[in-house]
Every structure is written in structure tokens, then in C-alpha cells.
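Naming: A, B, ... by sequence-line order, numbering from 1 per chain. These figures come from a predicted structure and were not determined experimentally.
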Amino acid sequence: MIIIHWADSIAQKLSYRGKKHVIAAGITPSGEFHIGHLREILTGEMIHRACLKLGLDSEFVFVVDSADPLRKVYSFLDPEYEKYVGHQLAMIPAPDKYGKPDSTAGSYSDYFLNPFLEALKNIGVKPKIIDNYQSYSEGKFSEACKIVCEHVEDIKTIIETISGRELSADWFPYNPIDENGCMDGLVVTGYNWPFVYWKDSIGNSGKNNLKNGEGKLPWRLDWPAKWSWIGVTCEPFGKDHGTSGGSYSTGRKFSEMFGHEPPFPLAYEWISIKGQGAMSSSSGVTIGPMEVLELVPSEILRYLVARSKPAKHIEFNTGDILLNLADEYERVCASFYEKNLLESEENLTKRQKVLRHEAIGSVEYSQINLDSEIDPSYKVPFRHLSMIAQIRSNDEDVFFALEKSGYIKSAKSPSKKLIEKLSKIRCWINSSHFPENLKIQINERVDNKILVNFNFPINEFIQNLVIKFKNLDTWESDYIGSCIINTAKEMDLNVPDVFRLLYLIILGKVSGPKLARLLQELDKDKILTLILSAKNN
RNA sequence: GGGCCUGUAGCUUAGUCAGGUAGAGCGACGGGCUUUUAACCCGUCGGCCGCGGGUUCGAAUCCCGUCAGGCCCGCCA
């Protein structure tokens, strides 16, 4: 097959290397996980799925870099964390809600990792978790550590020539920890398998056993060491690692040194928040996956990553971009799964076929479960539902409205997915994320200046309409609607003009959602007062 | 300084690896539906494919150069 989704294309390349594959993703749990981290995971997971589709024997692993030290006291941490800087993330306490270390809350790394794993479960990602700290203590790295400690000069040369970075004379390719668990300020003074000997800045000395993970390899070696003992054949990484002179280019050399063919490289671009730059937990520019999962169905979040090739920069926000994304997902579903266009492929040009297959691939990789059918809740467009949800406070009424307009067959039995979709939309509408221009905002008072362009007796129309409204026994959309139409007809007025006027009075805009249904959801007395306050003098 | 990625319609982009008439969606505009839409359906407009050269019968696609934006060469995905 020539025409494929980006994940399929990578899987195909992997298939030339062999049948057994380990696709890896790795993240340091130094703070809150965000959508950017999700790209790492989903990119890997989609390649993994593509491999399975090709009949390869593939495994997907998520390496949690819990052996990394705390770099500094981040803005969300209390200064009390100062004493843990340089200590491994798996060994320091999680922060409480004030950012202070809480010795009862488990480890720092688990604290940030667990909610992320929960979110992954929601989007159907089930990786094998590899805890880096634990792997060191179990001796998984000892082979690599031995090789590294016996080739210090070679390693220095490789790093210095490839990265152009100059290493100090006492640099050593293993970072030991002192008796308190701190990595900073130690200088290695000797090596004799399986021990490294060190001294600290005030003259204390000690030794660490390389087999027990007392310390860790520096990043540029830690990464390829993982490749070799896990057997990684493909790993997506952020573009920072992908650049020449970056950790992939030194990593591939070290990988060979460890006797492992370097994994197939795949650099991906950052996700940024529109108008705010790249996502980063330290700068506070961040949107968490769980946050987004509260607003839209899980498929949409997968679609965000599935639809763009890894090299493409993604701009994201929880307002209009998210809405367009949901919109696009639904449209693609509809065009490919309802119209059965696949059957008539013969007549298409190559480009049209490519377009089609990529779109289909994106939708397929957006499904929560591998090989599951596309969930039919896409048939109720997000945009439409967000409007209905705003004017109908009761869920049942929403489903009746959907039935009436033909989006669903029966209001009595909405699918579980649809109920969930509605509840997420309600959550979105009530949050600060919801786009302003889609909000239905009822005027507090009327700006009479904008009513001057009507060439019919507005004041008289309003009086007549309000009398009809007052006479209504039940404030229900059908009756409200006929009041408006009848008043217009009795006065021989143009109906669209009348609606324009009413939209201006109530919403301040010339159009809006179905007016009668909107009014039905609002307080009758307030509306009458508002309408009566309008004049065009 | 060295290197990587990106640049296609007003916006978001597909197509670049494997050269063969530039395709979508959104928006805009027009029409249909007319108990009123932001739904739905139909249609229209809109592109020196960043720029300059080269290879080729033929280049968005390959090669060289150049400009712009982002990033890396210090453990931020």
C-alpha cells in the first residue's frame, strides 16, 4: 500500500528492521504533566498500534524517569524543597496543596505520575510502565555502567566532538549519591567494579555500588543504556533531543557501544498554547490532559495528535481551537463512515486518495480501543450540542430537541457516549474555557441606539407582543413562537425583520439560537421588562 | 559559529520520502430551507506552493543558494 497515515509509514519502516519491536516513550515526572507530554506518549502509542496492524510483534513501554534529580525549587514548590535539590525524584516527598513537602503523601514522582496514568487509561493507552529508579536498584543498568566506567576517555571524546561541549577534567560518566541521597557537588575519585569512589565539596568521601543503583548515569548515557537493556527499536522524542549535537546523536554512538542498534529516531514538535508559547509547567503555560478530558470526549484528545504529523507544530487552546478540532473530527467521521465513499475510490486522483486515507487513519487512531467501531455519538455535532445545552437546562429536553431535529433516533434511549458528551459540554460551558462568542448572553439592558435602523413602528410592535406574552398561560416555546409570528402578521410586518429586532433586544446581536426555545428557558418577567425597555426614538 | 524543523488560499493545512493537471476544512460571499439559526443542503470567490537559480519532456516535490519563524549544541516532551 502506498497511501498511509504517518504512524503506518513509520511502522512500515520499522518492519524492514525486523519483526519484534519495543516502542518507548519517556518522561521525567518533575512537575504537572500536560498536553505536551501527551504527544510523546500518543506518538509512540500510535506507532505501536500501527505495528500491530502490520502484524509485527510490538510492545509499548513508558519509562518514568524517576531516578532524575530535582533540578531546582520550581515556582509551584515551597522554598522548603531547597534541601531536596539534587535528590532523586523517587526518593523525595510529594508536595501538599501549598507546595510544602508532605511526608505522608508518597513520592514526588508518583504524585505527578498517577493522575497522568489515570488520564492515559481514559484515552485507551495501556503502556508497560518502567520505573527508572527501580530499574537502577534492580541492577538493570549495571552492565551499561560497567562499560561506561571502563571507557571514560572514549565517552568524553564522543560527547565533546559531537555536542561541541567541553567537559571538565573531573567529569565522570556516572553520578553517585551521597549518604543523604544528593547528587550535587560530588566528584568521582576512583572506580573499581562494582564501586565508584567519590568525595564531596567539604572533603567527605564514600563509595557507591553500581549494581544497586546508588546514583545514575548522566542523561546522555542513561538514555542509550535504557535502549539497550529494554531493547527499544523506536522512540519518539522532543525536537530538543533530535537536533544534531543533541542527545540522540551522542546516544546512537553509545548505543552501539552497548551493543544495541540505535532505535529508529523520530523527533516531534512542541505543542504550544495559542498566544502564550510552548507549554511548560515551570512557566505556568500548561493545560493538563485531565483538564481537557473534562471538556471533550477522549477521542478528540487523541485526534489532536493523530491528525498532525509529528514534525508539525501544534497550537492548542481549550476554546475555539478545541471546538474546531471536535468539529473536524465529527465531519471526518461523517464523510467517511456514512457515505461509504471508499467504494468509489477508482475515480480518485492519487492526491485525493492520500487525503482520504490519512483522514481515515487519523480517525482510526483516535479511537479509544484498538479495532473498535467508530462511536456514533459523532453524529451530534459539538457546536450544535453546545448551543442546545445552553438553552435547555434539562438533559431530557436536550435529547428531545435532538430527536426533533433528526440527530438521534429516539430521545428515550440516548447512548452512554452521548450522555457523557453532553455532560462534558455542560462542564465546558460553565468553565472559563468556553469561547465568548458562543456564549449565549442575555442583555441586562437594551442599547436603544442600535435599534434605529428599523423602518417599522417598533414601539407599537413591542406593546402588542407583550400583551400577547402576558396572556399566555404556559411559557412554552411553541406558544411563544406563535405569539411572535402572529403579532408580526397582524401588523403586516416582515417576519425576519421582527426576529432581528428581538435578537438585538435580547442578545445584542442580529441573530442567535432558536428564539422561542431560548425564551422558554428564561424567566418570563425579566424578559418582558427587557423587551418593554426597548424604544427607537 | 555549527546543526535540526517549519514556510502552500484571509486562517488551519494535505500533497514533499517514491517528480506527472495544486486538494481540503474553516471563514467570507451567494443561494436553498422560511415558524425566525449559529443546524443542514447546494454553489462561488480565493494560490507567482517564502524568494532566486539548477537538474528534467515535466518540480510544491530532487539539488544549490537565500530570506523568515521556531528550536538545539547546558537533563524543559
- Message: Between B:G27 and B:C41, how many Å separate the two P atoms, rounded to a whole number?
- Response: 12 Å

- Query: What nucleic acid atoms does A:Ile321 come within less than 4.0 Å of, heavy atoms only: base, sugar-phosphate, or nothing?
  - Reply: nothing

- Message: Looking only at the aromatic ring of each residue, does the gap between the centers of A:Phe76 and A:Tyr74 stay below 6.0 angstrom?
- Response: yes

- Task: List for me each residue that meets ring pair (Phe, Tyr, Trp, His ring centres under 6.0 Å) alongside A:Phe316, sequence neighbours excluded, and say none if there are none.
- Result: none

- Do A:Phe469 and A:Trp475 make the cut of ring centroids closer than 6.0 angstrom? yes

- Minimal non-hydrogen separation, A:Asn443 against A:Leu504, with atom names: ND2-O, 3.3 Å

- Map A:Ile271 and A:Lys239 onto RNA chain B by nearest heavy atom, then report which one ends up closer to the 5' terminus. A:Lys239

- Contacts of type side-chain hydrogen bond (donor to acceptor under 3.5 Å, both in side chains), residue A:Gln88, not counting sequence neighbours: none

- Query: For A:Pro218, which contact category applies under a 4.0 Å heavy-atom criterion: base, sugar-phosphate, or nothing?
  - Reply: base

- In whole angstrom, give me the gap between the C1' atoms of B:U8 and B:U13. 9 Å

- From B:G70, B:U6, B:A77, pick the nucleotide closest to the side chain of A:His241? B:A77

- Task: Measure from CG on A:Asn324 to C1' on B:C26 and round the result to the nearest Å.
- Result: 7 Å

- Item | Spacing between A:Tyr16 atom OH and B:C17 atom C1', to the nearest angstrom | 11 Å

- Task: Only counting residues at least two apart or in another chain, list the ones meeting ring pair (Phe, Tyr, Trp, His ring centres under 6.0 Å) with A:Tyr136.
- Result: A:Phe141

- Message: Enumerate the ring-ring contact (aromatic ring centres under 6.0 Å, His included) contacts for residues 483-519 of chain A, please, sequence neighbours excluded, ordered by first and then second residue.
- Response: none

- Task: Describe the nucleic acid contact of A:Asn486 in one word from base, sugar-phosphate, nothing, applying a heavy-atom distance below 4.0 Å.
- Result: nothing

- Interatomic distance at P, B:G25 relative to B:C40, whole Å: 13 Å

- RNA chain B stem ranges, 3 or more consecutive Watson-Crick or G-U pairs under 3.5 angstrom: B:1-7 with B:67-73, B:10-13 with B:23-26, B:28-32 with B:40-44, B:50-54 with B:62-66

- Distance, C1' atom - from B:U21 to B:G15, rounded to whole angstrom: 14 Å

- Message: How many whole angstroms separate atom NZ of A:Lys72 from atom P of B:G74?
- Response: 18 Å

- Note on the structure: Residue set satisfying side-chain hydrogen bond (donor to acceptor under 3.5 Å, both in side chains) with A:Tyr268, at least two apart, ordered chain then number -> A:Glu40

- Taking the P atom of each, how far is B:A24 from B:G47, in whole Å? 15 Å

- Message: What is the distance, to the nearest angstrom, from the CG atom on A:Leu385 to the C1' atom on B:C40?
- Response: 16 Å

- Message: What's the closest nucleotide to the side chain of A:Lys309 if the choices are B:G15, B:C72, B:C75?
- Response: B:G15

- Message: Just the rounded figure in Å: distance from P of B:C11 to CD of A:Glu328.
- Response: 17 Å

- Item | Spacing between A:Tyr268 atom OH and B:C71 atom P, to the nearest angstrom | 16 Å

- Task: Look at the side chain of A:Ala311 and decide which nucleotide, out of B:C75, B:G70, B:C5, has an atom nearest to it.
- Result: B:C5

- For B:A14 versus B:C26, give the span between their C1' atoms, rounded off to a whole number of Å. 15 Å

- Query: What is the distance, rounded to the nearest whole Å, between atom CG of A:Leu38 and atom C1' of B:C76?
  - Reply: 17 Å

- Task: Quick one, give me the B/S/- string for nucleotides 30-38 of chain B, reading 5' to 3', where B means a protein heavy atom under 4.0 Å from the base and S means that only happens at the primed atoms, P, OP1 or OP2.
- Result: -----SBBB

- side-chain hydrogen bond (donor to acceptor under 3.5 Å, both in side chains) filter on A:Asp170, not counting sequence neighbours, yields A:Ser168

- Item | Span that lies between the P atom of B:U66 and that of B:A28, in whole angstrom | 43 Å

Considering only nitrogen or oxygen atoms on both sides, find all protein atoms under 3.5 Å from nucleotides 7-9 of chain B and state each distance.
unit_1	atom_1	unit_2	atom_2	d
B:G7	OP1	A:Lys312	NZ	3.0

- Task: Applying ring pair (Phe, Tyr, Trp, His ring centres under 6.0 Å), name anything that partners A:Trp171, two or more places apart in sequence or on another chain.
- Result: none

- Message: Using salt bridge (charged side-chain N to carboxylate O under 4.0 Å, His left out), reason through A:Glu364 and A:Arg302 one step at a time and then give a plain yes or no.
- Response: CA-CA 10 Å; A:Glu364 279 174 3; A:Arg302 291 188 63 106; over 6 Å; no

- Query: What integer number of Å spans the P atoms of B:C17 and B:U61?
  - Reply: 9 Å

- Item | All side-chain hydrogen bond (donor to acceptor under 3.5 Å, both in side chains) counterparts of A:Glu32, not counting sequence neighbours | none

- Query: How close or far is atom P of B:G70 from atom NE2 of A:His313, stated in whole angstroms?
  - Reply: 11 Å

- Message: Using heavy-atom distances to pick each residue's nearest nucleotide on RNA chain B, tell me which of A:Gly36 and A:Ala267 is more 5'.
- Response: A:Ala267

- What pairs with A:His34 under ring pair (Phe, Tyr, Trp, His ring centres under 6.0 Å), at least two apart in sequence or on another chain? A:His37

